[in-house]
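Notes for the one structure printed next.
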There are 2 protein chains.
Amino acid sequence: MANIKDVARQAGVSISTVSRVINDSKSVSPSLRVMVEKAIDDLNYSTNSIARGLKSSQTNNIAVILTSVSRTFFSGVLEGINKEADQEKYSIFISETHDSIEREIKLVRSCASQWVDGIILASSAYGNDMKTRKYIESLSKLEKKGSWIPVVTLEYPCSNPGVDAVVVDHKKSAFRAVDYLIREVGKKSIVHISLPFEHYMGQQRIAGYREALEQNGLLFTEDNVLEGDYTSYCGYTLTRDLVRRGHPFDAVFCANDQMAVGVLQALSELEIQVPEQVAVMGNDDIFAASIVKPSLTSIHVPRFEMGAAAMKHMLELIREGEPPVKRKIITLDTEIVERESTKRGIKNSLKYLDW
Amino acid sequence: MANIKDVARQAGVSISTVSRVINDSKSVSPSLRVMVEKAIDDLNYSTNSIARGLKSSQTNNIAVILTSVSRTFFSGVLEGINKEADQEKYSIFISETHDSIEREIKLVRSCASQWVDGIILASSAYGNDMKTRKYIESLSKLEKKGSWIPVVTLEYPCSNPGVDAVVVDHKKSAFRAVDYLIREVGKKSIVHISLPFEHYMGQQRIAGYREALEQNGLLFTEDNVLEGDYTSYCGYTLTRDLVRRGHPFDAVFCANDQMAVGVLQALSELEIQVPEQVAVMGNDDIFAASIVKPSLTSIHVPRFEMGAAAMKHMLELIREGEPPVKRKIITLDTEIVERESTKRGIKNSLKYLDW
DNA sequence: TTGAAAGCGCTACCAC
DNA sequence: GTGGTAGCGCTTTCAA
């Protein structure tokens, strides 16, 4: 690949002139401009963004660090991010942590050292050890050449108050879900399959679950809260286990849809009627919710909007160039999407989106 | 973020020495090494990979260019790619073309100009116009600082014979699927919902479909081949349309699972028995195939292995440093996964993978 | 074993 | 309008 020097030689002009043409400066005569453009075309030259970045400290790259792109939830988020990025000249750089905090730390460091212009992060830094805390601390102080690299977290606010976030109110969502199960569906013994207990989001949902029970005069018992691990397999086994133990319940609220699908599968095998005997509710409203039979009532999380909002906010932060005076947390609304797993005979509109 | 100069000053040594420590050269005295390491730690220094790349022309970044990460098919591929990359020191850089050839061309150029060490590409360059051909031509000649940037394509071999690929035999897969529908399921009027006709993979599958019919003494008619667009919506509408027109058919073979899910939905609404009246078969075996009811018979494509093989091969190409004498096309095997949409009463083992 | 200095490809500043 | 040149942060000779 030719470099700027080659182009200059080929066109018979100085490097400066070539640079001016590339960067669209007006102070270059039409004749020279034409010659340079021809040389660029002849040599199939394209400017080396590494070297450019080294000088200008602007790479036009934005890193998106997620736990896993195959987690359906994040696919939608990515669509939103991409949509906003496309309109500007930014490229997106996706990497995956697979829920490993070590990998997350390594990736953030690596992105910073590559001088990305910003980082959109779905963190799994739940721990409270020294190393994790130091890492979280560092998130608001990432720099390249002395200038600030903004970080925006997804899903929940990171514990560093210097980092902005785009979130949904997990507690409120869970509250409304359980309140709905009690008041609209008429259930009384609601089991909650949660996320790993250490996860902030899981804790929030448990809090919402509890509040809904108590406000409706029902008893909160720890027996009814099961620790899940995101997978549909755990929903499946936990449910079979509940039934085997003869634990009484007439509804299950799961912290994500994958687990709820596992619950449905187990109930179907055990020939337990949904929703008459047991109603099931998920969270996130991924497309699988509308595909399973019975279709799954879930809480719709605006994933696309979440990604778009994160990117939009990121662009603002980059434009401003320095940490905002006051932290900004953008909260998006969720809503319940009612389907057959809580209400018999409801018409299930299969979503015809790309997946 | 501190730079190497700062570290050198802090440690009271030369830049060269710091560089030696960073790059693990042995020719540095233990005492100095300790001082430098302390300085690095104190300043929280991490080496700027941009500048490093500028000099060494090795960035340790590998670009993965896909149509869309939310297309379930590619999620699995990414897992495989990541698994292999993790073992080495490479970072993965994912971007999406959304089936736009312009975007694809732009991305490849941009990656090359960022001096990635290699590009794994799921191309949508089906066109035959001048620009596309020139682009495909260029794929085997990507360079940074005069050294070759290897490209490996996924899913199908690109028409440039200088580009290696990891693929499955689409024609053979389709052949086996249709042969199975005829001989095992006993169907005779098989409709094929294809990909957009211009797509190489779609053409291959149609060829396999045709061959299976003919080898089994059935007539191939163009009426039975419908052009699809990947979405479940098109499977849905095409099926309703067939039925409305009174087109006779007793099986549908779809070029992907999404379309097959749409077919199932339409048949269910029309109260047509699956598989007795109409058997349905998909392609790819994404997890949705095991979730729908009736569950969907499909062709399992080893996505994970595909990604892993592509990455493995990429690392070899990078190690060798120059184009191989002979093009290598790695072909992986597919297999039929039998479920309820072609065989009543078969036990459906829901896959408990992460999705 | 150590340090000085050239140079990777580019931009930006300063002269002319 | 144009060209010369310093320098971004790093690696890599070459000398000492």
Side-chain angles (χ1 to χ4, degrees), chain A residues 1-36 39-40 43-61 109-110 112-117 143-147, chain B residues 1-36 39-40 43-61 109-110 112-117 143-147:
Chain A
M1 226 145 207
N3 64 25
I4 198 172
K5 227 161 150 182
D6 300 328
V7 175
R9 194 178 313 123
Q10 170 98 1
V13 299
S14 72
I15 291 181
S16 319
T17 304
V18 177
S19 176
R20 284 186 191 107
V21 172
I22 292 166
N23 296 293
D24 224 25
S25 150
K26 43 253 65 257
S27 35
V28 52
S29 66
S31 57
L32 279 198
R33 161 162 270 129
V34 170
M35 290 172 67
V36 170
I40 288 178
L43 296 172
N44 192 27
Y45 165 80
S46 94
T47 115
N48 179 332
S49 41
I50 302 219
R52 193 210 291 264
L54 184 58
K55 185 71 191 177
S56 70
S57 84
Q58 255 246 343
T59 55
N60 286 358
N61 284 153
R109 262 192 104 81
S110 147
S113 87
Q114 302 213 19
W115 286 0
V116 295
D117 290 348
E143 285 186 358
K144 50 172 178 181
K145 245 177 149 180
S147 82
Chain B
M1 223 143 211
N3 62 25
I4 199 172
K5 226 160 151 182
D6 299 328
V7 176
R9 195 179 311 122
Q10 170 98 1
V13 298
S14 73
I15 291 181
S16 323
T17 304
V18 176
S19 174
R20 284 185 192 108
V21 172
I22 292 167
N23 296 292
D24 223 25
S25 149
K26 34 286 24 272
S27 36
V28 51
S29 65
S31 57
L32 278 198
R33 159 161 272 129
V34 170
M35 291 172 66
V36 171
I40 287 178
L43 295 172
N44 192 26
Y45 166 80
S46 92
T47 114
N48 179 331
S49 40
I50 302 221
R52 193 208 291 263
L54 185 57
K55 185 72 190 171
S56 71
S57 83
Q58 255 247 340
T59 55
N60 287 355
N61 285 154
R109 262 191 103 82
S110 147
S113 87
Q114 303 214 18
W115 287 0
V116 295
D117 290 349
E143 284 185 0
K144 50 173 177 181
K145 245 178 151 180
S147 82

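Numbered from 1 within each chain, the chains take letters A, B, ... in sequence-line order.
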Report which part of the nucleic acid A/Ser57 touches: base, sugar-phosphate, or nothing (heavy-atom distance under 4.0 Å, all strands). nothing
Under 3.5 Å donor-acceptor pair, A/Arg33 side-chain atoms to D/dG1 base atoms: no
Here the distance between atom P of C/dC8 and atom NZ of A/Lys55, to the nearest Å, is 16 Å
Distance col, row B/Thr17:OG1 vs B/Ile22:CD1, nearest 0.5 angstrom, shows 10.5 Å
Mind checking B/Ser29 for me? I need base, sugar-phosphate or nothing, with any heavy atom below 4.0 Å counting as a touch. sugar-phosphate
To the nearest Å, give me how far apart CD1 (B/Ile50) and C1' (D/dC10) are. 12 Å
Could you tell me whether the phosphate oxygens of C/dT11, OP1 or OP2, come under 4.0 Å of any side-chain nitrogen or oxygen in A/Asn23? yes
Judged by nearest nucleotide, the residue sitting upstream toward the 5' end of DNA chain C, B/Lys26 or A/Leu54, is B/Lys26
Do any side-chain nitrogens or oxygens of B/Asn48 fall under 4.0 Å of OP1 or OP2 in D/dC8? no
Would you indicate, yes or no, if C/dA4 has its OP1 or OP2 atom less than 4.0 angstrom from a side-chain nitrogen or oxygen of B/Ser14? no
Could you check whether B/Ser16 gets within reach of a base, just the sugar-phosphate, or nothing at all, counting any heavy atom under 4.0 Å? base
Can you identify which nucleotide, out of D/dC10, C/dC10, C/dT1, has its nearest atom closest to the B/Ile4 side chain? D/dC10
N/O (side chain, B/Thr17) to phosphate O (OP1/OP2, C/dG3) under 4.0 Å: yes
